[in-house]
Structures are given as structure tokens and as C-alpha cells.
Q: 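Would you mind keeping the following structure in view while I ask a few things?
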There are 2 protein chains.
Amino acid sequence: MDHVDRILAQWSRERPDLDVAPMGLLGRFGRLRAHLAREIERVLAEHGLSRASFDVLATLRRSGAPYRLSPGDLLAATMVTSGTMTNRIDQLEKTGMVERVQNPGDGRSVLVGLTPKGLAAVEEAVTAHVENQHRLVEALSPAERQELDSLLRKLLATFE
Amino acid sequence: MDHVDRILAQWSRERPDLDVAPMGLLGRFGRLRAHLAREIERVLAEHGLSRASFDVLATLRRSGAPYRLSPGDLLAATMVTSGTMTNRIDQLEKTGMVERVQNPGDGRSVLVGLTPKGLAAVEEAVTAHVENQHRLVEALSPAERQELDSLLRKLLATFE
DNA sequence: AGGATTTCTCTTGACGTCAAGAGAAACTGA
DNA sequence: TCAGTTTCTCTTGACGTCAAGAGAAATCCT
């Protein structure tokens, strides 16, 4: 009997016409998401980064040298709107983590590149972040993690 | 090979020292969450409600007649801060969905109650919302939904 | 070649959230 | 009893997000 079970019990009493099984699943999903987000942001904050900033730096880092992508490329990788991406790049530029350089191939566009400072920050942060991710799922056995990953993959496939 | 697999492949090339299996699970979790949130908000918006507003109205509704709770009770149910809850109640009060009434039992506190308009809005919205929730998980078989729910419950239990 | 369309980034304004803390009322213990 | 502590709500200021759209460059089509 967890928090979500108590919510479902209330609905069953008040609206017995509703079939609330999916609400249970989605309710647990949502609460779990809030806990995971909090823990992930806490660790990134220890390295001076927000999740928004980290996502951009990590996308640049994993794209490989010379660690440069256009805002449009970053956009395609991150499920946010263009206005959000502009804001993220602005913040990172202010703190010297990235720089905007001219895109020789396209005058409408620009390239966002990691600075040495940004590269150092993301190398340090990603190591801690990956360790933290291990910790966050360690309550599940390897087989359970595999099973959960498979189910998430299947459901995710219906949206992308 | 989905979007998350491509991210993991990049990391494996750039940072082969990292074990990115948990990143895959959490990455799918995060992307799925974004899709689910978008769909849920779309349906609630059709009924004139944000998710924030709906959560408060739904909490009041499922608490049973007379549909009144203190901000603190609402806080305990919703994983947000007190400032956020004040703002949510303010917005709902502006649109006439809830009203603040004196709490006879505690002078520091107040009771937030559904108005007839708020009750009508939430009854309509919750029906559509539950239908939508069914739709969102229907790509999984009943057994898979059960399995996913169990795994989420187990992992969630480590945080609450 | 050049007008129409598309692509790409940025701007604006509104919204929801949090962290930190203030103020008022209720408890608690000597 | 009453000073100190706790509880409860609200305020403030900053942040991240989105939707809608503007402006500039590239591309397409005749």
C-alpha cells in the first residue's frame, strides 16, 4: 500500500465507474520521475550545472571533436523548443562554457562549440552523473533493469 | 535502434570507460515522460485546465464531500513546494474554481473548497483524463502493464 | 535571374516551479 | 503563564519552459 494505492482507493470510493489501473501506473511513473529528477539535479548542481546546461554540454561532448553543433542539431537531440535552446545557449555562453562561432556552410545558422572550460566541466560532470545513475537504479536486479528498459522501450516506440 | 540507442552509441565511442546501461533506462524514462506529459496536458487543455490546476481540483474531488482541504493537505498530496501550492490556489481562485474559507479549527490555516463550477469542471475533466490514460498505455498488453507497474512500484519504494 | 517558399535562430510574454524566508497562530515545557 | 519552538501559509526573486511569431539567409521553381 503506497502513496499511489491510497489515491486509487479514494477514486474507487468516489468514482467507482472509473477504471483506474492506468492511473496507478502513470501515477507511479510521475512520482518516480520527480524523485529521479531531484536526485539527478542535486548531483549536477554539485558540479555547478543545471540539468538544462548539462544536457547541452553532454550533447556537444558526445558528438565528438571538435565538439561543435548548430542550435538546430542540439534542438533535434533534446525535445525542447527553439526558444528554450536559445536560452540554454545564452546561459552557457554567459558562463564561458560554450561559444557561438560563425557557420561557414550556412549564413542563417551558427555553430555552438565547447570551450576548454566547458569541456572540462562536462567531463567531470558526466562521470559523476553516470555513477549517480547507477546508484538510482541499483534497487532493481540486473534482470529487472533489463525488463524495465524493454517495457519502456516498447511504450516509447509508440510515440516516436 | 531507437533515439536512445544512438545516444548510447555516441557515448560508447567517446567515453568507452563509462557503463551506460542505466543511462539507457533513464533516458527512455525521460523521453517517455515528455511524451506522456504532452499528451496529458493536451487533453486537460481541451477542458480548460492545466495539469497544475487539474491536480489540485482532482485532489479535492477525490477527498470526498464537502471537497475541502487545507493547503497543507494539498501539499502533502502533490510533491510541490508551499509557494507553488499558493500560486496554484491563487490561479484557481481567480477563475472561480475554488474558494478559500476560514478554517474553524486552526487560525493559521485556511480551507480550500471546490465551487460548483470547480466541481463540474473536474468531473468532466477526470472522465476524459482517465480515458486518455487508457489510450496512452494501450500499446502494452495487460500483463506488460502489470509488470511495468510492479517494477515502477519497486523502484519508487526506494525513494518514499 | 528573381520572386516565393522554406529553413534556421532569436525575441517576446506568459506560465509554473523552486528556494529561502517572513509573519501569524498554535503548541510545549518549565 | 509565557517565552521559545514549531507549524502553516504566503511572498519574493530567479529560473526554465513554451507558443507564437519575426527576421535573415538559403533554396526552389519557373
Side-chain angles (χ1 to χ4, degrees), chain A residues 30-31 33-42 44-46 48-57 68-95 97-113, chain B residues 30-31 33-42 44-46 48-57 68-95 97-113:
Chain A
R31 287 186 73 88
R33 178 247 153 204
H35 290 293
L36 293 171
R38 192 162 305 176
E39 288 299 303
I40 287 170
E41 277 154 23
R42 188 179 56 70
L44 294 177
E46 287 171 8
L49 296 174
S50 67
R51 208 222 268 248
S53 293
F54 175 76
D55 280 351
V56 173
L57 296 179
R68 285 187 182 169
L69 294 173
S70 70
D73 295 334
L74 291 168
L75 215 49
T78 49
M79 288 192 86
V80 297
T81 63
S82 62
T84 297
M85 187 53 68
T86 296
N87 184 47
R88 287 182 174 190
I89 297 166
D90 286 349
Q91 298 311 311
L92 285 167
E93 204 171 31
K94 264 184 211 159
T95 55
M97 298 285 189
V98 304
E99 56 189 356
R100 285 181 168 97
V101 300
Q102 223 184 344
N103 185 344
D106 189 335
R108 294 165 301 181
S109 183
V110 78
L111 290 178
V112 179
Chain B
R31 288 185 72 88
R33 178 247 153 205
H35 289 294
L36 292 172
R38 192 162 305 175
E39 288 300 302
I40 286 170
E41 276 154 24
R42 187 179 56 69
L44 293 178
E46 287 171 8
L49 295 175
S50 67
R51 207 221 269 249
S53 293
F54 175 75
D55 280 351
V56 173
L57 297 180
R68 286 187 182 170
L69 294 173
S70 71
D73 294 334
L74 290 168
L75 216 49
T78 50
M79 290 192 85
V80 297
T81 62
S82 61
T84 297
M85 187 53 68
T86 296
N87 183 48
R88 288 182 173 190
I89 297 165
D90 286 349
Q91 299 312 311
L92 285 167
E93 203 171 31
K94 265 183 208 157
T95 55
M97 299 284 190
V98 304
E99 57 189 356
R100 284 181 168 97
V101 300
Q102 222 185 345
N103 186 343
D106 188 337
R108 294 165 301 181
S109 182
V110 78
L111 290 178
V112 179

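Per chain, numbering begins at 1; letters A, B, ... match sequence-line order. Bear in mind the structure is a predicted one, so any value in this text is a computation, not a measurement.
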Q: In whole Å, what is the span from the CG atom of A:L44 to the P atom of D:dG16?
A: 12 Å
Q: Output the rounded distance in Å from CD1 (B:I89) to P (D:dT11).
A: 11 Å
Q: If you find the nucleotide of DNA chain C closest to A:D90 and the one closest to A:R38, which residue's nucleotide is nearer the 5' end?
A: A:D90
Q: Considering only C:dT9, D:dT11, D:dT17, which nucleotide approaches the side chain of A:S70 most closely?
A: C:dT9
Q: Heavy atoms, side chains only, cut-off 4.5 Å: are B:P71 and B:V110 in contact?
A: yes
Q: Please state how far atom CG in A:L49 lies from atom P in D:dG16, giving the value in whole angstrom units.
A: 11 Å
Q: Tell me: CZ of A:R100 to P of C:dC8, nearest whole Å?
A: 17 Å
Q: Between C:dC10 atom P and A:L74 atom CG, what is the distance in whole Å?
A: 11 Å
Q: Checking contacts here: which listed nucleotide (D:dT17, D:dT11, C:dT17) is nearest the side-chain heavy atoms of B:A52?
A: C:dT17
Q: For DNA chain C, whose closest nucleotide is more 5', that of B:S82 or that of A:R108?
A: A:R108
Q: When you get a sec, tell me which of C:dT9, D:dT9, C:dC18 is the closest nucleotide to the side chain of B:V80?
A: C:dC18
Q: What contact category does A:S109 fall into here, base, sugar-phosphate, or nothing, at under 4.0 angstrom with non-hydrogen atoms?
A: sugar-phosphate
Q: Please report the distance, rounded to the nearest Å, between CG in A:N87 and P in D:dC15.
A: 10 Å
Q: Might you point out which heavy atoms bring B:R31 and A:A77 nearest each other, and give the distance in Å?
A: NH1-O, 4.0 Å
Q: Looking at every strand, decide which applies to A:G107 at a 4.0 Å heavy-atom threshold: base, sugar-phosphate, or nothing.
A: sugar-phosphate
Q: Give one of base, sugar-phosphate or nothing for B:R51, where a contact means two heavy atoms less than 4.0 Å apart.
A: nothing
Q: Taking the side chain from B:Q91 and the backbone from B:S53, do they hold a donor-acceptor pair closer than 3.5 Å?
A: no
Q: Report the distance from atom CE of B:M79 to atom C1' of C:dG16, rounded to the nearest whole Å.
A: 16 Å
Q: Nearest to the A:D106 side chain among D:dT11, C:dT17, C:dC8, which nucleotide is it?
A: C:dC8
Q: Between A:D73 (side chain only) and A:S70 (backbone N and O only), is there a donor and an acceptor less than 3.5 Å apart?
A: yes
Q: Output the single nucleotide from C:dC10, D:dT17, C:dC18 whose closest atom is nearest the side chain of A:V110.
A: C:dC10
Q: Name the residue from A:L69, A:T78, A:V80, A:L74 that meets the side-chain contact (heavy atoms from CB on, under 4.5 Å) definition with A:V56.
A: A:L74
Q: Could you state the CE-P distance from A:M85 to C:dT11, rounded to the nearest angstrom?
A: 15 Å
